[in-house]
Amino acid sequence: MPPPRLPAKLEQLPRVALAHLPTPLEPMANLTRHVGGAQMLVKRDDCTGLAMGGNKIRQLEFYLGDALSREADALLITGAVQSNFVRSAIAGGNRLGMQSHVQLERRVERDDHLYATSGNVLLDHLLGATIHHYPDGEDEAGADRQLESIAAELRNDGHRPYVIHLAPGHAPLGALGYVLAAEELVQQAQSKALVFDEVVVASGSGHTHAGLLFGLRWLACPAVVTGVCVRRDATQQRERILTRTHEIAELLEVDNPVTADDIVLTDAFLAPGYGRVSDGTRDAISLAARHESLLVDPVYTGKVMAATLKRATETDATIVFVHTGGTPALFAYQQELAE
Ligand SMILES: *Cc1c(COP(=O)(O)O)cnc(C)c1O
């Protein structure tokens with residue numbers, strides 16, 4: 001039987017090449033030895049290349065493809081102050097000759113100098129975007145409304161703005177990058193003659209989690225995909241991921257291969273909340289650095305690493321940790337991490 005192929009529609013949607021692909025799939029031999037449980041591998045999506053990489057580069061290939069097909073000349077996006085997506089979007093926009101207007105939301109109650117100016121914020125300035133602020137804290141709908149009003153102003157001035165919308169209800173173009181990543185992962189594993197039983201990945205906006213899960217199930221790969229909650233609790237996130245997979249199916253004009261039972265989430269590593277570091281996360285960051293020289297971040301991948309290490313003690317399965325990037329944020333969290 002020939003291997004299953006991804007839905008044909010995926011090839012027809014506009015996409016621009018931005019990422020260095022395929023990213024490596026590497027063993028974490030030292031950590032595996034240290035923990036003494038499951039065999040652990042890492043999918044190096046921190047190595048996607050563009051302006052310090054991460055998972056948003058695969059996602060942007062579809063958003064910016066869409067933007068180009070609409071002849072947009074300006075890019076708009078909203079995110080946390082230390083958002084990797086904002087930094088990556090500006091970088092992608094630069095490559096395509098689009099100016100960026102970004103909105104930084106005060107999702108984390110911090111105003112200290114490092115958080116406000118270092119890490120991704122420094123890169124936002126270097127890459128050269130117009131920076132707006134949304135001071136009201138966690139408010140997805142409010143932040144989207146303010147972004148729309150910036151887009152309206154640009155339209156009034158004769159521009160053709162393109163808004164990258166991450167909330168449910170908008171086509172999850174970014175998830176398509178991870179449907180493709182699922183195929184890349186399956187092919188890499190096959191070429192290395194290895195079988196992976198579980199994948200552990202951050203679940204934030206849910207594009208990465210939903211896209212990977214969709215792609216793996218479409219390709220008949222039965223690996224358990226555990227989403228590690230980084231922003232919302234597991235109950236809220238479950239709804240979001242299920243909705244996302246339906247939206248992906250709609251976009252690709254196929255039936256959804258993902259069932260409610262496929263959606264596995266843990267919010268055990270979320271505390272003390274979005275963008276805040278627990279002792280467990282700090283330990284995971286340190287272990288990954290000391291044993292593997294892998295730099296994981298305080299907001300996303302440190303929590304996912306903590307979840308992976310815990311899971312490794314519970315099973316003798318083969319686990320793939322998805323390193324979605326975020327390394328620049330380390331420098332904004334110097335105070336929490338260096339003590
Ligand atoms: C955005 C981000 C995530 C979460 O990805 P989603 O697709 O939004 O769920 C995970 N890790 C890093 C480093 C990120 O920047």
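As the structure lists them, so they are numbered: ligands from 1, and atoms in each ligand from 1. Reckoned from all heavy atoms, side chains included, excluding hydrogens, waters and symmetry mates. Position 1 is the first residue of the sequence, and the numbers go up from there.
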Which Ile, Leu, Val, Met, Phe, Trp or Tyr residues join L76 in one cluster when any pair of side-chain heavy atoms under 4.5 Å counts as a link? L147, I150, L154, V163

For a quick check: using heavy atoms under 4.0 Å, what are the residues in contact with ligand 1, sorted by chain and number? N55, K56, Q59, N84, A202, S203, G204, S205, G206, H207, T208, Y300, T324, G325, G326

Salt bridge (Lys or Arg N to Asp or Glu O under 4.0 Å) partners of R311, counting only residues at least two apart: E198, E314

Under 3.5 Å, which donor-acceptor pairs link side chains of residues 11-21 to any protein atom two or more places apart or in another chain?
{"from": "R15", "atom 1": "NE", "to": "E61", "atom 2": "OE1", "distance (Å)": "2.8"}
{"from": "R15", "atom 1": "NH2", "to": "E61", "atom 2": "OE1", "distance (Å)": "2.9"}

With rounding to the nearest 0.5 Å, note down the distance linking SG in C229 to CG in L265. 4.5 Å

Ignoring hydrogens and angles, state whether a donor on the side chain of T78 or E105 is under 3.5 Å from an acceptor on the partner side chain. yes

Test: E239 and R232 ion pair at under 4.0 Å: no

